[in-house]
Each structure stands twice: as structure tokens, then as C-alpha cells.
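These notes concern the structure reproduced below.
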Amino acid sequence: MKESLYLTKTLPYVNADPHIGFALEIVQTDVLARYWRMQIGEENVFFNTGTDEHGQKIFQKAEKEKRDAKEYVDYYTHEVEKLKDKHKGLNLSYDNFIRTTRESHKKAAQELWKRCLRNTNERGESDIYKKKYKGLYCVGCEMFMKESDLVDGKCPDHLTAPVEVEEENYFFRLSRYQKDIEAYLSKPGVILPEWRCEEAVNFVKSGLEDFSISREKSRLNWGVPVENDDNQVMYVWFDALTNYISTLGWPEDKEGKFGKFWENGRKLQVAGKDQIRFQSIMWQAMLMSAKLPVTDTVIYHGFVTSGGQKMSKSIGNVISPFELIEQYGTDATRYFLLRHIHFFDDTDITWERLDEWYTANLVNGLGNLVARIMKMAETHLSEPVDVSTSDAWKTDNSKNKLYKDAYESFELNKAADLIWEYIGETDEIDRKSVV
């Protein structure tokens with residue numbers, strides 16, 4: 001049986017227009033999907049993306065703009081979907097676009113909840129239980145935080161002080177999975193790069209705590225309802241994480257995609273480096289609780305910064321993928337994201353730097369080479385030339401192996417560098433022939 005591969009990325013939270021960080025992650029995943037389709041066949045690769053559409057931030061923004069929450073998420077989801085376009089978008093090739101407001105997804109989230117609820121420990125205690133809780137809540141992160149998580153009393157990601165909230169919620173018994181998660185993280189390749197795995201291990205060793213998975217409907221009614229409790233809706237993270245299997249038709253699996261790609265396939269996920277707690281700890285424990293296979297590998301990429309600062313609307317340094325596409329075109333935008341942004345480390349970009357990359361490598365490099373070759377062809381050739389037997393990618397096994405190795409180690413910028421080596425070598429040959 002041929003290998004099957006499931007590829008997914010985290011879903012963007014649709015409380016604003018798509019940003020370059022989302023564009024980076026989806027283009028990286030798109031290129032990996034295209035590569036693996038060439039290796040094992042299109043029918044054996046499933047590439048998932050979509051939108052995360054519930055939660056307090058969306059509810060509050062919709063209220064502020066005096067818009068219905070569904071109308072609000074429909075608008076921003078449409079903006080994300082526009083990026084699939086071949087000419088005005090990023091030319092994406094995903095196999096399914098999942099929305100967490102779809103009824104099929106809601107039913108899947110409720111089924112996952114029920115399976116976790118049914119699972120009990122040796123004392124007969126369910127993995128989901130209800131209790132009153134008082135804690136510090138960051139609206140930006142949509143999660144409760146500990147004092148030790150804060151920097152100068154503020155959330156380090158959103159630079160705002162969390163609010164104190166007291167209410168009765170359902171909790172997931174994450175503490176039960178301390179040893180299971182430690183065992184999972186000890187397996188080679190479950191997190192890439194390796195130093196991100198060390199971060200996860202250190203976090204787990206500090207002790208896993210149960211986390212809230214619901215909100216009172218009186219405070220937030222924009223979410224998946226908790227069955228048999230009209231006063232609660234699911235916490236957005238419990239709901240959203242379920243997309244990775246609901247997109248495959250779980251739990252019914254009428255088309256067999258869940259069986260093929262999740263139960264029997266290799267499961268790869270691309271995520272930002274701030275997602276380790278959610279993707280490699282919370283989500284894996286939820287899968288364990290529901291008696292479902294865990295993710296094989298999560299690949300964490302770095303952030304895109306601008307002028308040495310994290311991109312922020314308040315600072316005014318956010319770059320939109322649509323602005324890049326309008327300025328440079330689809331292919332050039334994909335080129336920037338794949339060659340000049342490091343997969344694992346943070347990368348700083350500015351409009352000045354983008355102009356430099358475009359001029360030096362595309363206009364003066366590839367552009368001039370193509371122009372000279374086309375001029376020579378026009379002058380010297382009366383019919384097309386068959387170059388299939390002299391294709392360097394097929395005859396130079398050492399370079400071909402380096403190219404494949406770069407893809408399979410997820411170093412896409414190295415793969416792009418190899419292509420530009422060929423361009424440079426061809427340029428030298430061309431210049432000598434002209435002389």
C-alpha cells in the first residue's frame with residue numbers, strides 16, 4: 001500500500017484581515033503538499049486549511065461594529081478564501097477548507113467532547129468535569145493565565161493586563177496525561193526543530209494543569225453549545241482543534257478519508273512557534289482521551305518581524321499578503337516567503353528589503369537571464385529544442401538528492417537556494433556563450 005500523507009496548518013482566527021504570518025504558513029504548507037504529491041501521488045495527499053470562527057475576541061469585535069457575529073466571520077472568511085486565487089491570491093492547492101461554524105464541524109466537536117467525557121481514570125473520574133474557577137483571563141489569548149506567565153503584570157504577547165474572571169466552567173483533566181505526554185514528546189521527530197521539543201518538554205516537566213474548556217453563555221454565547229448544559233459553550237480552543245479531524249469527515253468517515261489519512265497515514269502539521277502548548281500538548285492529550293491516534297509531527301516556524309519589531313496594527317508595521325501580491329505579483333510573493341524567510345527562525349522584513357530581493361534576484365538575476373535566452377532563441381532557433389534528456393535535475397543525482405533532502409527536512413529556503421544555484425550556473429554558461 002502506498003504511503004498517505006495528511007498535511008495541515010493552524011486555522012487563522014478571523015477577527016481581522018489576513019496578515020503575512022498567515023501567508024507564510026499557508027504557502028509553506030502548500031509547497032510541502034505539492035512536493036509530496038509528486039512523490040506519492042495526488043490521491044495520497046490531503047492538505048487542510050480553513051478558518052477558526054468562534055470565541056470572545058470575534059464576539060466582542062462584532063458587537064463593537066454592531067454586526068451579527070455570523071455576518072462578521074463570513075466577511076473575514078471570504079477574505080481568507082480569496083488567497084486561493086491563482087492570479088490575485090497565493091495560488092493555493094488545498095484539498096478542503098474547513099469552517100468551524102459549519103454544522104458538521106460542530107457535531108464533530110461535540111462528539112469529541114462526549115468521548116473525553118466518557119473516558120475515566122482508575123478512580124472513575126471523567127476527563128471532563130465542572131468546577132468554579134477564579135483566575136486571570138487574557139482576551140487576546142482567549143485563555144486563563146498564571147502570574148508566572150505574565151511580564152510586568154501583562155500578557156507578553158498582547159502587552160495588556162489580563163482581567164480577573166470568576167465563573168463555573170468545565171475543565172479537561174490534562175494533569176492525568178502528564179506521563180503520556182512526556183512519553184509522546186520523547187519520540188524522535190514529534191516536534192521540529194529539536195530545540196522546540198526541548199521547550200515543550202520543559203513546560204511539561206513543570207507540571208501539567210487542568211484547563212478550562214467552556215465559557216458561561218451569559219458572558220459568551222458565540223461558540224459550540226455544550227450538550228446537556230444550556231448555560232455553557234465550548235472554549236474556542238477545544239472547538240477549533242477538532243478541525244484537524246472534522247475536515248476528514250470524522251466521526252462518520254463516510255468517504256474513508258479519516259481512516260486513510262489520520263488512522264493509517266502520516267500526519268504532519270505546520271504551526272507558529274507560539275502554538276506549542278496548544279498543538280503538541282493540549283491537542284495530543286485530547287486525542288489520547290478520545291482514544292484517537294496522535295499527530296506524528298508538528299513543525300514550528302518562526303515569526304515574521306518588521307524593522308526589528310513584532311508586527312502590530314498599533315505600531316503600523318503590518319504587511320498584508322494582498323499588498324505584496326499587488327506590488328510584486330503572486331509568484332514573486334511566494335518566492336519571498338519561501339526563499340528569504342527562514343522556516344524555523346524569526347525573519348525581519350521591510351518594504352526596502354523586499355525591493356532589494358525583487359531587483360537583485362528576480363529582475364537582474366532570473367529576469368535578465370530569461371531575456372537573453374529568449375533573444376538567443378529568437379535569433380538562432382527555428383523550432384523548439386528538446387531538453388528532456390539533458391535536464392540537470394534528472395542527471396545530477398547529487399544535487400537532486402540535496403534538493404529532496406532540503407524538502408524532507410522542511411528547509412524550504414535551502415531548496416530555493418539550490419534552484420538559484422542552477423540559475424547562476426546557467427547565467428555563467430550563457431554569458432560565456434555570448435562572449
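These values consider heavy atoms only, across backbone and side chains, with no hydrogens, waters or symmetry-generated copies. What you see is a predicted model, and the numbers here were worked out from it, not measured in a lab.
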Roughly how far, to the nearest 0.5 Å, is the [atom2] atom of [Y] from the [atom1] atom of [X]?
| X | Y | atom1 | atom2 | value |
| --- | --- | --- | --- | --- |
| L83 | D30 | CG | CG | 11.5 Å |
| T29 | K9 | OG1 | NZ | 6.5 Å |
| E411 | L402 | CD | CG | 11.0 Å |
| R196 | Y300 | CZ | OH | 10.0 Å |
| L7 | L32 | CG | CG | 6.0 Å |
| Q327 | L354 | CD | CG | 9.0 Å |

Any donor-acceptor pair under 3.5 Å from [X] side chain to [Y] backbone:
| X | Y | value |
| --- | --- | --- |
| T100 | D52 | no |
| D345 | G302 | no |
| S320 | H19 | no |
| N264 | G259 | yes |
| N91 | K86 | no |
| Y72 | N15 | yes |
| W222 | E53 | yes |
| T297 | G189 | yes |
| D210 | S175 | yes |

Q) side chain to side chain donor-acceptor pair (under 3.5 Å) with T295: which of Q269, Q279, Q284? A) Q284
Which pair of heavy atoms, one from [X] and one from [Y], lies closest together, and at what distance?
| X | Y | result |
| --- | --- | --- |
| V45 | A33 | CG1-O, 4.1 Å |
| L287 | V294 | CD1-CA, 3.8 Å |
| F410 | L192 | CE1-CD1, 3.5 Å |
| E3 | N44 | O-CB, 3.4 Å |
| F172 | C116 | CE1-SG, 4.1 Å |
| F22 | P12 | CE1-CG, 3.4 Å |

Q.
Applying salt bridge (charged side-chain N to carboxylate O under 4.0 Å, His left out), can you list everything that pairs with E252, at least two apart in sequence or on another chain?
A. none
Atom [atom1] of residue position [X] - does it have more than 12 heavy atoms of other residues, nucleotides or ligands inside 6.0 Å?
| X | atom1 | value |
| --- | --- | --- |
| K84 | NZ | yes |
| E255 | CD | no |
| E65 | CD | yes |
| K107 | NZ | no |

Q | E408: partners by side-chain contact (heavy atoms from CB on, under 4.5 Å), with sequence neighbours left out | A | Y35, W36, K404
Q: Would you please classify the geometry between the W250 ring and the F258 ring as parallel, tilted or perpendicular, with 30° and 60° separating the classes?
A: tilted
So [Y] and [X], do their side chains get closer than 4.5 Å, heavy atoms only?
| X | Y | answer |
| --- | --- | --- |
| W262 | D253 | no |
| F303 | I341 | no |
| R339 | D417 | yes |
| Y75 | E71 | no |
| I98 | L11 | yes |
| D17 | Y76 | yes |
| F278 | F211 | no |
| M288 | I181 | yes |

Check this for me: does any side-chain nitrogen of one of [X] and [Y] sit under 4.0 Å from a carboxylate oxygen of the other?
| X | Y | value |
| --- | --- | --- |
| R99 | D74 | yes |
| R353 | E356 | no |
| D346 | K273 | yes |
| R37 | D95 | yes |
| E111 | K114 | yes |

Q. Picking from F47, Y244, F46, what satisfies ring-ring contact (aromatic ring centres under 6.0 Å, His included) with F261?
A. F46
Compute the ring centroids of [X] and [Y], then answer whether they are less than 6.0 Å apart.
| X | Y | answer |
| --- | --- | --- |
| Y328 | F336 | yes |
| H54 | F59 | no |
| W113 | Y170 | yes |

Q) Please walk me through it: do I281 and Y184 pass side-chain contact (heavy atoms from CB on, under 4.5 Å)? A) CA-CA 9 Å; I281 298 173; Y184 168 73; over 6 Å; no
Q.
Taking the cut-offs as 6.0 angstrom to the six-membered ring centre and 45 degrees off its axis, would you call K82 and F322 a cation-pi pair?
A. yes
Q | Donor-acceptor pair between Y6 and D296 side chains, under 3.5 angstrom | A | no
Q.
We want to know whether Y235 and N169 form a side-chain donor-acceptor pair, criterion being a heavy-atom distance below 3.5 angstrom.
A. no
Q: Quickly, which of L112, N119, D180, L117 forms a side chain to side chain contact (heavy atoms under 4.5 Å, CB included) with S289? Name it, please.
A: N119
**Q.** Steps toward side-chain contact (heavy atoms from CB on, under 4.5 Å) verdict (L24, I20)
**A.** CA-CA 6 Å; L24 168 67; I20 194 171; 5.5 Å; no
Q: Go through the steps for N243 and H105 under the test side-chain contact (heavy atoms from CB on, under 4.5 Å), then give the verdict.
A: CA-CA 7 Å; N243 92 86; H105 171 79; 4.0 Å; yes
Q.
Let's go through K106 and E103 carefully: what are the C-alpha distance in whole Å and the side-chain angles of both, what is the deciding distance for side-chain contact (heavy atoms from CB on, under 4.5 Å) to 0.1 Å, and is it a yes or a no?
A. CA-CA 5 Å; K106 292 179 184 178; E103 286 304 313; 3.3 Å; yes
